[in-house]
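First the structure, in the form of structure tokens, and then the observations on it.
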Amino acid sequence: MATAIRSRYPVALEGFSDFERAALASYFRLIGDRDPTYEHAPSIDDARFIVADADIPGVVDAVVTAQRAHDTVFIGAQAPEGAMAWMMRPIDPMHVLRELDANLAMPQPSPVTSRVSSPRGLKGHTPKRVTPAFCRRATDAPASDDTATAISAGLQATPP
């Protein structure tokens, strides 16, 4: 009986506490029977994706400097421009999994037609999502009054 070959994607976990890192790595091991599956990678150089703690000083800058924001799910108060995905705490491993799966499901640009190179030197990898205005870092330019009004209107509680 032949076993099915599963797609495996290494994921680096950057900036988390030992407990959070162990919990996320365990979650990836526990979902190993699905396709695609994700496995903990020792470093961002060995990873296809990154899950980063955006609340730890220096982690966001390290990911941006490595030109890997487009491959990263940021967890915390904010994310840089061009992030693959962003979510607030508490960490929800199922939400992280959905974001990774959604990224894989998006069509990849053709290597022949793209002028953008990924950090690993492969052509054709471009950011797949636009980070909304409320995800910008504090050092970025502030949103316009119209944008701020629209965001606050969307965040208001529903009437009783």
Any donor-acceptor pair under 3.5 Å linking the side chain of [X] with the backbone of [Y]?
X     : Y     : value
Arg68 : Ile44 : yes
Arg8  : Glu39 : no
Trp86 : Pro80 : no

- Message: Let me check something: do Ile56 and Phe19 share a hydrophobic cluster, defined by ILVMFWY side-chain heavy atoms less than 4.5 Å apart, either directly or through other members?
- Response: no

- Message: Hydrophobic cluster membership, with links at side-chain heavy-atom distances under 4.5 Å among I/L/V/M/F/W/Y: are Ile31 and Met94 in one?
- Response: yes

Restricting to non-hydrogen atoms, name the atom on [X] and the atom on [Y] that form the minimum distance, rounded to 0.1 Å.
X     : Y     : answer
Ala52 : Thr72 : CB-CG2, 3.8 Å
Arg34 : Thr37 : O-CB, 3.6 Å
Phe16 : Ile75 : CZ-CD1, 4.1 Å
Glu14 : Val59 : O-CG1, 3.9 Å
Phe74 : Ala69 : CE1-O, 4.1 Å
Ala12 : Ala47 : N-CB, 3.5 Å

- Classify the angle between the aromatic ring planes of Phe49 and Tyr38 as parallel (below 30°), tilted (30 to 60°) or perpendicular (above 60°). perpendicular

- Task: Applying side-chain hydrogen bond (donor to acceptor under 3.5 Å, both in side chains), run through Ser26 and Arg29 and close with a yes or a no.
- Result: CA-CA 5 Å; Ser26 292; Arg29 278 193 306 276; 2.9 Å; yes

- Task: Step by step, work out the salt bridge (charged side-chain N to carboxylate O under 4.0 Å, His left out) result for Asp53 and Arg89.
- Result: CA-CA 10 Å; Asp53 186 339; Arg89 280 192 154 74; 2.8 Å; yes

